[in-house]
Amino acid sequence: MQQIMLVEDEAALVTAIRERFEAEGFAVTTAASGEVALHLLDTVTPELFVIDVGLPGIDGFELLRQLRTRLIDAPVIILTARGDEIDRVVGLELGADDYMVKPFSLRELVARVRVLFRRMAAVAALRAQVAEQPTAPAAHTDLSLDPVRRSIALHDQHLVLRPREFALFELLFRHPGQVFTREALLRQVWGQGAFFDTRTVDVHIRRLRTRLATLDPDLAERLQTEWGVGYRFI
């Protein structure tokens, strides 16, 4: 049974979401605050999080930041009562996988959860397949990728990336010089039927460049923007 942690302080909404998730066959752990959610991680291992931004104490963004700092890379859906673009961008930059603006349809929330679980299963299957195959030739002679650990090695230095960051970099890296449109990256990295718009790609590329620069500034510069089209790695 797939495990979900719901972090929400609105009691009526918690009851409605929990009952719907359980009716759909999910196991649900609930927490009314970020502090409680972090404490529960000592005893439960959620496979997906649904987190409200407007939590008492530690807000949803800070909770998300702490999850990613702990290298917990389970998918996260952010719930927000605010429709401002900045909230969506902040959530994505911190590592959220999706967001929904209140009020929302429980049916749509369940659909988005199922999409994320299917994507996780597909990524796991791909990693297992890649692990059994020889590593493809690198575009950078000193650079190697480890799809299982989602890490990049360069000059004896290692960088572990988040799942989406690694998937983006691996796709571009293994097709040097080829320009991928934002739409193509959404389809191939996020999957068919993804709910995101193309700005999601821009946010992840910007974050990926920042991470790559910590390994080698030249490596980050090789991830280039083809203005008006998309991105490529040279």
Closest non-hydrogen atom pair, Val7 against Gly34: CG1-N, 4.3 Å
Determine whether Arg162 and Arg211 make a side-chain contact, defined as any pair of heavy atoms from C-beta on separated by less than 4.5 Å. yes
I want to know whether Tyr99 and Phe104 have ring centres closer than 6.0 Å. no
Quick check for you: to the nearest 0.5 Å, what is the distance between Leu208 atom CG and Leu159 atom CG? 8.5 Å
Not counting sequence neighbours, list each pair that qualifies as a side-chain hydrogen bond (donor to acceptor under 3.5 Å, both in side chains) and has a residue in residues 37-57. Asp52-Lys102
Report the C-alpha distance between Thr30 and Glu8 in whole Å, list the side-chain angles of each, state the deciding distance to 0.1 Å, and finish with yes or no for side chain to side chain contact (heavy atoms under 4.5 Å, CB included). CA-CA 7 Å; Thr30 63; Glu8 167 65 63; over 6 Å; no
Glu35 side-chain N/O to Ile58 backbone N/O, donor-acceptor pair under 3.5 Å: yes
Could you please spell out the steps behind the side-chain hydrogen bond (donor to acceptor under 3.5 Å, both in side chains) verdict for Arg187 and Thr181? CA-CA 10 Å; Arg187 288 196 302 271; Thr181 66; 5.1 Å; no
Taking all non-hydrogen atoms of both residues into account, name the closest pair between Ala213 and Ala220 and its distance. N-CB, 3.8 Å
Step by step, would you call Phe173 with Phe233 a ring-ring contact (aromatic ring centres under 6.0 Å, His included)? CA-CA 6 Å; Phe173 173 78; Phe233 181 80; 5.8 Å; yes
Distance from Arg20 atom CZ to Arg107 atom CZ, nearest 0.5 Å? 8.0 Å
From CG (Leu212) to CD (Glu165), nearest 0.5 Å: 8.5 Å
May I ask whether Leu172 and Val160 are part of the same hydrophobic cluster, defined by side-chain heavy atoms of I, L, V, M, F, W, Y residues being less than 4.5 angstrom apart, directly or through others? no
What I'd like to find out is whether the side chain of Asp98 reaches to under 4.5 Å of the side chain of Ile78, using heavy atoms alone. no
For the residue pair Leu143 and Leu145, establish whether any side-chain heavy-atom pair is separated by less than 4.5 Å. yes
side-chain hydrogen bond (donor to acceptor under 3.5 Å, both in side chains): pairs with one or both residues in residues 58-70, sequence neighbours excluded: Glu62-Arg65, Glu62-Gln66, Arg68-Asp97
Below 4.0 angstrom, N of the basic side chain to O of the carboxylate: do Glu24 and Arg114 qualify? yes
Arg149: partners by side-chain contact (heavy atoms from CB on, under 4.5 Å), with sequence neighbours left out: Asp146, Ser151
Is there a side-chain contact between Gln3 and Phe26 in this structure, where contact means two heavy atoms from C-beta onward sitting under 4.5 Å apart? no
Can you measure from CG (Leu6) to CD1 (Ile17) and round to the nearest 0.5 angstrom? 5.0 Å
Straight-line distance of Thr214 OG1 to Gln157 CD, nearest 0.5 Å: 8.5 Å
If you measure from CE on Met5 to CD1 on Ile51, what distance do you get to the nearest 0.5 Å? 8.5 Å
Do Leu41 and Ile72 make a side-chain contact, defined as non-hydrogen atoms from C-beta onward lying under 4.5 Å apart? yes
State, to 0.1 Å, how close Leu64 and Ala96 come at their nearest heavy-atom pair, and which atoms those are. CD2-N, 3.7 Å
Arg209-Thr225 side chain donor-acceptor pair, cut-off 3.5 Å: yes
Please walk me through it: do Met100 and Leu109 pass side chain to side chain contact (heavy atoms under 4.5 Å, CB included)? CA-CA 8 Å; Met100 296 192 70; Leu109 176 59; 3.6 Å; yes
For side chain to side chain contact (heavy atoms under 4.5 Å, CB included), just list the numbers for Arg232 and Gln178, CA-CA rounded to whole Å, side-chain angles, deciding distance to a tenth of an Å, and then say yes or no. CA-CA 6 Å; Arg232 64 179 175 181; Gln178 179 177 338; over 6 Å; no
Hydrophobic cluster mates of Val179, side-chain heavy atoms under 4.5 angstrom, ILVMFWY only, any path? Val229
In short, Leu40 meets Ala31 closest at the heavy-atom pair CD1-CB, 4.0 Å
For a 4.5 angstrom cut-off between non-hydrogen side-chain atoms, does Ile4 reach Thr29? no
I'd like to check the side-chain contact (heavy atoms from CB on, under 4.5 Å) partners of Thr15; sequence neighbours left out, ordered by chain and number. Arg18, Glu19
Leu48 versus Val50: any side-chain heavy-atom pair under 4.5 Å? yes
What do the steps show when you test Tyr231 against Val201 for side chain to side chain contact (heavy atoms under 4.5 Å, CB included), and what is the final call? CA-CA 10 Å; Tyr231 298 96; Val201 176; 4.0 Å; yes
For Pro56 and Ser33, which heavy atoms make the closest approach, and how far apart are they? O-CB, 4.1 Å
Any pair with a residue in residues 47-73 that passes ring-ring contact (aromatic ring centres under 6.0 Å, His included), sequence neighbours left out, goes on the list, sorted by first then second residue, please. none
